[in-house]
*Asks:* 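The structure's right below; bear with me while I get my questions together.
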Amino acid sequence: MLKGIGASQGWGIGKAVIIKDAGLDYSKVVFTNAQDQKKRLGDAVSAYKAETQSLAESLKSSAGEKEAEILQGHIVMLSDPFMISQMEENIEGGFVAEKAVDTVCSMFIDVFSSADDELTRQRASDVKDIRDSLLKKLLGRESTDISSVPPNTVLIAEDFTPSMTGKIKKENVAAIITETGGVTSHSAILARAMGIPAVLSVSGATKAVLPGQTVIADGFKGKIIVNPSPEELNDFAKKQRDFLAEKESLKRYFARKTITRAGVQKYVYGNIGKPEDVQNVLQNGGEGIGLFRTEFLFMDRVSLPSEEEQFEAYSTVAKAMNGKEVIIRTLDVGGDKDIPYLNIEKEENPFLGHRAIRYCLDNPEMFKKQLKAIMRAAVYGNIKIMLPLVTCIDEVRAAKEIISQCEAELSEKGTAYKSCELGVMIETPAAALISDLLAREASFFSIGTNDLTGYIMAADRGNAKVEGLYDTFREPVLRAIEMTIKNAKAAGITVGMCGEAAADLRLVPKLVEWGLDEFSVSPGSILQTRKAICEL
């Protein structure tokens with residue numbers, strides 16, 4: 001049995017196809033002259049862009065518009081004049097086109113790979129994809145034709161790049177296995193969007209499994225069984241059938257209210273990162289937006305979004321939700337979310353450093369732009385504001401003071417706005433311990449179990465060596481959650497949960513029993529969470 005990270009749920013059973021592209025050695029390519037090499041480079045870039053655009057269109061229909069943006073982002077990256085001019089400068093210096101591409105892309109890969117935050121490190125994988133694709137074009141090498149694999153294929157590769165994933169015919173692929181990547185990597189995002197079970201970070205998978213061997217991939221537990229016994233095949237085939245039948249049965253919960261058998265009403269919301277994600281929530285029957293992660297509006301750009309840009313984003317979501325609750329989390333920067341132009345000082349431990357509400361309070365002008373945009377957008381819907389990483393009452397009071405200043409400034413200008421309820425994310429042990437006091441200051445709570453679990457258990461969720469410790473079912477975490485909910489109920493404020501655990505079917509009964517009001521989950525988990533609550 002091989003072990004990795006379960007990155008896309010489900011069980012895949014099929015024959016292994018190992019993806020190994022031909023080498024990209026260009027040492028025998030001879031430099032002719034700069035003009036020829038620049039033309040070769042230009043032709044390769046044009047061919048790559050055209051092919052990638054075609055793949056993006058294909059991915060749009062198989063996975064969704066949001067997922068197709070990953071590939072379109074590659075086109076944008078390669079359209080950067082700086083990147084191309086650097087390659088051409090290297091050619092002027094006597095490099096063949098292949099070496100120019102390799103040199104410049106490797107420089108970007110090194111920069112992104114050394115970043116502290118995971119999202120920036122993921123861009124290194126994007127640049128590797130661009131580099132390898134361009135080298136194949138220049139060398140005339142053909143990629144493995146993933147689109148032609150037979151039904152019930154388990155694809156195994158060192159990594160699955162977005163360009164590779166774009167060629168997949170999902171009806172033929174039973175599972176994806178890689179030697180690298182994690183739950184937030186592009187290969188995982190795309191696998192989940194296409195409903196393909198995936199197990200990532202399986203060390204040595206391409207060597208441990210032989211082509212044609214029967215493989216079971218457990219996308220829940222991250223396990224790989226090679227050459228399973230007849231009993232194992234029957235067992236997992238039944239699990240697979242049950243899982244698919246369950247997905248089909250969930251459709252009847254789409255328009256249903258979230259009410260337990262005892263008649264207690266709860267609400268299942270969706271988490272989003274961009275305005276366009278709201279359609280995914282609505283298409284899955286979401287009753288509101290429990291977490292709008294606004295940091296994604298600040299990423300992939302070179303300067304702060306203006307108040308107007310933010311207003312457009314927030315008001316778009318408010319209008320789309322048509323009066324349903326929209327909880328907007330203020331900028332949660334720092335930790336694993338580095339935004340270069342903010343010039344956040346490098347810290348030994350950024351997760352315990354100058355991040356989230358701490359950074360916003362120390363940068364009030366930037367904070368005010370966001371708050372004003374939110375309050376202006378609230379005119380068009382039911383918007384609430386939520387503060388991340390709160391650890392003390394002073395932070396909530398300081399935020400209230402800045403909000404009051406924003407209201408005064410908007411009133412003075414005659415700008416339409418609406419006051420918003422102010423809530424607190426309970427995602428630190430400190431916030432949980434003083435949740436009774438915070439409940440006097442806040443209008444609502446939302447428990448962020450991702451960080452709360454990590455901070456309480458002192459375990460990094462991305463570190464496989466402490467994977468067993470990073471578990472919301474650990475007693476200290478459960479106690480903190482129960483205490484927070486009970487303190488919220490005692491104060492008469494609503495309490496929700498927006499971490500991954502809100503969709504954990506083992507935890508849902510306890511959360512209902514303790515009195516949790518709102519469950520905010522990824523759009524794809526809305527219906528199964530609603531079903532679990534309705535059946536209690």
Side-chain angles (χ1 to χ4, degrees), residues 18-60 68-114 120-148 155 157-168 178 180 186-187 190 206 300 302:
I18 315 298
I19 308 298
K20 286 185 179 177
D21 280 317
L24 298 174
D25 178 25
Y26 53 83
S27 59
K28 293 182 180 178
V29 178
V30 178
F31 183 84
T32 49
N33 59 66
Q35 186 176 348
D36 285 348
Q37 295 302 319
K38 284 182 183 178
K39 183 179 186 307
R40 292 181 66 230
L41 173 64
D43 290 347
V45 168
S46 297
Y48 171 79
K49 287 182 178 179
E51 182 181 288
T52 304
Q53 185 59 46
S54 176
L55 286 174
E57 292 301 322
S58 171
L59 199 58
K60 193 181 292 185
E69 288 177 5
I70 294 171
L71 277 176
Q72 286 165 338
H74 289 194
I75 298 172
V76 171
M77 197 178 289
L78 196 53
S79 299
D80 183 348
F82 176 75
M83 182 179 270
I84 298 298
S85 67
Q86 288 291 104
M87 292 177 186
E88 291 179 340
E89 277 184 31
N90 279 319
I91 288 173
E92 292 284 356
F95 285 13
V96 294
E98 287 86 348
K99 189 173 182 181
V101 167
D102 194 7
T103 302
V104 173
C105 288
S106 294
M107 176 189 72
F108 280 98
I109 290 166
D110 289 342
V111 170
F112 290 142
S113 296
S114 62
T120 302
R121 286 197 299 272
Q122 283 174 17
R123 291 180 193 163
S125 179
D126 291 328
V127 182
K128 284 178 187 173
D129 194 4
I130 293 171
R131 179 191 64 189
D132 292 352
S133 296
L134 284 178
L135 288 176
K136 286 173 191 172
K137 297 284 182 204
L138 288 164
L139 293 166
R141 304 273 161 79
E142 291 294 326
S143 298
T144 304
D145 189 4
I146 297 173
S147 64
S148 65
L155 292 173
E158 181 183 338
D159 188 17
F160 258 88
T161 61
S163 63
M164 290 166 67
T165 313
K167 297 172 184 174
I168 286 176
T178 69
T180 61
H186 283 159
S187 49
L190 294 170
T206 57
D300 295 323
V302 296

*Asks:* Can you name the residues that form a side chain to side chain contact (heavy atoms under 4.5 Å, CB included) with D43, not counting sequence neighbours?
*Replies:*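 Per chain and number, D43 pairs via side chain to side chain contact (heavy atoms under 4.5 Å, CB included) with K39.
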*Asks:* To the nearest 0.5 Å, tell me how far S106 OG sits from K128 NZ.
*Replies:* 9.5 Å
*Asks:* Please evaluate residues F31 and K99 with respect to the criterion side-chain contact (heavy atoms from CB on, under 4.5 Å), reporting the C-alpha separation (whole Å), side-chain torsions for both, the decisive distance (0.1 Å), and the verdict.
*Replies:* CA-CA 10 Å; F31 183 84; K99 189 173 182 181; over 6 Å; no
*Asks:* Hey, does I168 have a side-chain heavy atom less than 4.5 Å from the side chain of F160?
*Replies:* yes
*Asks:* Just wondering, more than 12 heavy atoms not from E158 lying within 6.0 Å of its CD?
*Replies:* no
*Asks:* Side chains of T32 and Q37: is there a donor and an acceptor less than 3.5 Å apart?
*Replies:* yes
*Asks:* Hey, does H74 have a side-chain heavy atom less than 4.5 Å from the side chain of Y48?
*Replies:* yes
*Asks:* Are the side chain of R40 and the backbone N or O of L138 linked by a donor-acceptor pair below 3.5 Å?
*Replies:* yes
*Asks:* Output the distance between atom CD1 (I130) and atom CG (L135), rounded to the nearest 0.5 Å.
*Replies:*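 With rounding to 0.5 Å, CD1 (I130) is 12.0 Å from CG (L135).
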*Asks:* K49: what forms a side chain to side chain contact (heavy atoms under 4.5 Å, CB included) with it, not counting sequence neighbours?
*Replies:*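 Checked K49 against side chain to side chain contact (heavy atoms under 4.5 Å, CB included); matches are V45, I75, S79.
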*Asks:* Just how far is it from atom CD of Q86 to atom CE of M83, taken to the nearest 0.5 Å?
*Replies:* 10.0 Å
*Asks:* If you look at every heavy atom in N90 and A100, which pair is closest and at what distance?
*Replies:* CB-CB, 3.9 Å
*Asks:* Could you state the interatomic distance from SG (C105) to CG (D126), rounded to the nearest 0.5 Å?
*Replies:* 11.5 Å
*Asks:* Which value, rounded to the nearest 0.5 Å, describes the distance between E51 atom CD and S133 atom OG?
*Replies:*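 Between atom CD of E51 and atom OG of S133 there are 7.0 Å.
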*Asks:* Which value, rounded to the nearest 0.5 Å, describes the distance between L24 atom CG and D132 atom CG?
*Replies:* 5.5 Å
*Asks:* Work out which heavy atom in I19 is nearest to a heavy atom in A157; give both atom names and the distance.
*Replies:* CB-CB, 3.9 Å
*Asks:* Are the side chains of V101 and Y26 in touch, meaning some heavy atoms are under 4.5 Å apart?
*Replies:*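 Sidechains of Y26 and V101: no contact.
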*Asks:* Measuring only between side-chain heavy atoms, which start at C-beta, is V29 closer than 4.5 Å to L139?
*Replies:* yes
*Asks:* Does any pair with a residue in residues 76-93 pass salt bridge (charged side-chain N to carboxylate O under 4.0 Å, His left out), and if so which ones, sequence neighbours excluded?
*Replies:*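 Listed once each, the pairs are K38-E92.
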*Asks:* Would a distance-only check, ignoring hydrogens and angles, find a side-chain to backbone donor-acceptor pair under 3.5 Å from T52 to Q72?
*Replies:* no
*Asks:* Which pair of non-hydrogen atoms, one from A56 and one from L71, has the smallest distance, and what is that distance?
*Replies:* N-CD1, 3.8 Å
*Asks:* Determine the minimum heavy-atom distance between D159 and S125, stating which atoms define it.
*Replies:* OD2-OG, 3.4 Å
*Asks:* Side-chain contact, heavy-atom cut-off 4.5 Å: F95 with D102?
*Replies:*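 No; the side chains remain at least 4.5 Å from each other.
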